[in-house]
Amino acid sequence: MVEKSDHPYALQMVNIEKYFGLVCALKNINLQVGRNEIVGLIGDNGAGKSTMVKILTGVHQPTRGELYVAGRKVDLKRYNVKTAHEYGIETVYQDKSLGEKQVLWRNFFIGRQITRRFGFIDVKKEKEIANEIMLNTIGFRGKGITVDSKVNKLSGGERQGVAIGRAMHFEAELIVLDEPTVALSLKEVRKVLNFVHKIKEAGKACIYISHNLQDVYEISDRFVVLDRGEIVASIEKKDTSLQDLDDFLLTYAHGLKDKRES
Amino acid sequence: MNRTRSIIKILGKIEGLPVATVLVVLIIAFMITAPDVFLKWRIYMSFLQTVAPPLILGLGLTFVITAGEIDLSFPATVAFAGYVFTWSFKNFGESMDPSLAAAGGLVLALLAGGMVGYINGVIVAKLNVPSIMVTLAAQFFWYGVTVLLAGGLQAALTTIENNHIHSLFVGRIYGVIPDPARGRIGIPVQALWALALTVFLWFILNRHKFGEAVMFIGDNPNVARVMGINVEATRIQLFTLMGVISAFAGVILTLEMRVFYPTQGQGMLLPVMAAVFIGGTSIAGGVGIIVGTFFGSYIIGSLEAGVVATGISGFWVQLVQGLVMGGSIILNTLLIEGRLNVLGQRFRQWGMPVGTGYTPEGQIPPQSGD
Ligand SMILES: Nc1ncnc2c1ncn2[C@@H]1O[C@H](COP(=O)(O)OP(=O)(O)OP(=O)(O)O)[C@@H](O)[C@H]1O
Ligand SMILES: [Mg+2]
């Protein structure tokens, strides 16, 4: 585990740039996330939101730029999902967070198993802790879901609950949620939003990506707008209403802004 | 009814139970139809000997299929490793203790198999070529290499019989099985190796980090990647493991036959795959059932001998094999997905006269006031 610090920012991205071959997916990204700030990241399809998430969670390496976690510069050459976990950065994806056919207890510890000698998994301990997380952090009680249930038996909201609960258990300082509510019913979306509120209450930071502006507006402290690989706006919640934010985005989505400027 | 349901549920959770049941039923059927053969020890000792190599291959293939991959090149690896073993034994044997020469041959054969698998793995993992294509090409290539090196000829290992390596891997344990005839029936040691490997690989798949990585990759490689599993490295290790296991099977085969054939292993591809599928491992990946592969291999191994022994024409063998395979696979799929209840309901529903309260969906209509 990396030492905790009192640095004001959970995360800073400085001049981050990402090319896929010749395609520029991100350019000149400068972003700070406060230690207990919920940032809503919005932007059109293909704007580069997921790419940004994958860079700060260690899945992709940026072509250029610097990354600071809690004020410490990250060695991007050696940065991967494991080191991101050690830095306290956890991610919840729409559909890529859990192994569908695997039992819950395996899903809690995949990638950082509790092992005995020679890499054999301590199943008893993993199940105990998984059970603890399910009861206390996620609040699954008396629903017939146990640590031995397979993920494909869970509802969409329950799955995201498991993923978020896992992130909170591992003491994430920053939890990134990339479209966690796609294809969920309203009731299930509500559950996910409640989990995000819990992140705020726990004093942690969060980046929340969604195409549903209403959800983003409800939970975020600040909105960052990404357009074709660039950050084009950063708006505090107190400075805008849902309506204004919506109007602002519409002008971008329809390219009206470009026309007006030219 | 609820009790039968929960019993079915619990039974479904015991790994490999459906296949084990199929095997027991099959053996009982053969005992009834061919008592002369199946009420004697000899046939079972023969199964233990012949099933060992395909079982060992099936265990490796179970890992590969669990990871959502396939390996079509293991028959060639069996041949190639057999060749490497034979060549080493003959050449080292000129200047060395024969047992040492055989041990050296075994090590080199395992290394050769590991190399074949490693190359497959690198091409699959690094170049992202689907494994079915890579290993198909590898099957042709390494079989070709073996035929070339061997000059297309078989080679007898006449002096291997009194070798320590021979006794260690394919010897017989006498005195355990009652032996009324003077035939000296012993337990083939390779069956014990195969059993030990089954237990060991069960633990690797179900209790080790590597096995968990294999399951998650087969389930969804993207999930595995974002959860911090090194997908490329695991895939390379997986194919390397398969290569080493195939080589081991190849050496066992050569030792038992005391002859190396360039064509050894050819013809094993489909039966081994069938054994894995009968065992309940799904081609979809993510789930691997080692115990199932164990019993599945014995089912495949006993079918041919059994059908022939019953006295019906040999032309029936494949048909019966197909039936048993199909039946086991359907049974497994339903049990594993917990759909047996649905099937039971359907049967009951079909047997019901019209208008007895079962709706066409096979469900009891909701109670009034619900
Ligand atoms: N692995 C990759 N290889 C090549 N191009 C990629 C890759 N990943 C993303 N891109 C490209 O980068 C751009 C940004 O994609 P990204 O997935 O980050 O968008 P997004 O904002 O998350 O969109 P959405 O809202 O649809 O999820 C797209 O043009 C996409 O095609
Ligand atoms: Mg995206």
Side-chain angles (χ1 to χ4, degrees), chain A residues 50 53-54 56-60 79-87 89-103 105-124 126-127 144 146 148-153 159 162-163 166-167 170 176 178, chain B residues 2 5-6 9-10 12-15 65-68 128 199-234 237 241 280-289 332-333 335-339 341:
Chain A
S50 297
V53 165
K54 283 183 181 146
L56 61 93
T57 54
V59 179
H60 288 328
Y79 193 58
N80 57 29
V81 177
K82 274 210 165 97
T83 41
H85 282 161
E86 280 162 20
Y87 275 108
I89 297 178
E90 299 276 339
T91 327
V92 176
Y93 295 92
Q94 172 200 337
D95 57 355
K96 290 200 287 293
S97 304
L98 305 172
E100 291 270 318
K101 295 176 204 158
Q102 312 305 325
V103 288
W105 64 267
R106 286 194 194 273
N107 269 292
F108 279 111
F109 291 96
I110 182 67
R112 49 193 142 181
Q113 296 92 338
I114 304 173
T115 52
R116 300 160 184 273
R117 255 178 305 170
F118 308 121
F120 283 97
I121 298 167
D122 189 339
V123 175
K124 194 163 158 259
E126 284 200 356
K127 281 191 179 183
T146 70
D148 287 309
S149 304
K150 290 196 173 167
V151 170
N152 54 22
K153 299 274 184 298
R159 287 176 205 202
V162 168
R166 173 176 68 189
F170 285 105
V176 183
D178 191 351
Chain B
N2 259 335
R5 240 182 232 190
S6 53
K9 230 177 174 176
I10 291 166
K13 277 196 180 133
I14 299 176
E15 193 176 320
I65 292 177
T66 303
N128 254 318
V199 174
F200 176 68
L201 289 176
W202 186 92
F203 274 97
I204 294 294
L205 184 63
N206 294 289
R207 291 290 178 266
H208 194 271
K209 269 161 52 167
F210 174 73
E212 202 169 86
V214 165
M215 290 194 276
F216 272 80
I217 290 174
D219 202 329
N220 185 339
N222 293 324
V223 170
R225 196 168 287 120
V226 299
M227 287 317 296
I229 288 173
N230 192 335
V231 176
E232 286 186 2
T234 308
Q237 288 160 9
L241 175 74
T281 300
S282 154
I283 190 73
V287 182
I289 302 176
N332 265 317
T333 313
L335 262 181
I336 287 167
E337 291 172 14
R339 281 195 283 147
N341 294 330

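We name chains A, B, ... by the order of the sequence lines, and we start the count at 1 in each one.
- When each of A:N80, A:L98, A:I110, A:V59 is checked for heavy-atom pairs under 4.5 Å with chain B, A:I110 comes out on top.
- Of the atoms belonging to A:S97, it is backbone heavy atoms, and not side-chain ones, that fall under 4.5 Å from chain B.
- Atom NZ of A:K82 sits about 10.5 Å away from atom CE of B:M227, to the nearest 0.5 Å.
- Residues meeting the side chain to side chain contact (heavy atoms under 4.5 Å, CB included) test with A:V123, sequence neighbours left out: A:W105, A:I121, A:K127, B:R207.
- Comparing A:G58, A:G119, A:A84, A:G111 by heavy-atom pairs within less than 4.5 Å of chain B, the highest count is held by A:G119.
- Contact between B:F203 and A:F120 at its shortest, heavy atoms only, is O-CE2, 3.9 Å.
- Heavy-atom distances place both the backbone and the side chain of A:N107 under 4.5 Å from chain B.
- Only the backbone of A:F118 comes within contact range of chain B, with heavy atoms under 4.5 Å apart.
- At least one donor-acceptor pair under 3.5 Å links the side chain of A:K101 to the backbone N or O of B:G285.
- Residue B:N206 touches chain A through both its backbone and its side chain, counting heavy-atom pairs closer than 4.5 Å.
- Tested against A:Q102 for a side chain to side chain contact (heavy atoms under 4.5 Å, CB included), the candidates B:N220, B:D219, B:V223 yield a single pass: B:D219.
- Contacts of B:F210 with chain A are absent, with no heavy-atom separation under 4.5 Å from either backbone or side chain.
- To the nearest 0.5 angstrom, A:E100 atom CD is 11.0 Å from B:F216 atom CZ.
- A side-chain hydrogen bond (donor to acceptor under 3.5 Å, both in side chains) with A:Q113 is found for one member of B:H208, B:E212, B:K209 and no other, namely B:E212.
- For chain A, the nearby parts of B:A284 are the backbone and the side chain; heavy atoms of each come within less than 4.5 Å.
- With sequence neighbours excluded, no residue satisfies salt bridge (Lys or Arg N to Asp or Glu O under 4.0 Å) with A:E126.
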Next on the checklist: Pair B:V226, A:T57 - check side-chain contact (heavy atoms from CB on, under 4.5 Å), show working.
Outcome noted: CA-CA 8 Å; B:V226 299; A:T57 54; over 6 Å; no
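- The contact between A:R112 and chain B is made entirely by side chain atoms (from C-beta outward), counting heavy-atom distances below 4.5 Å.
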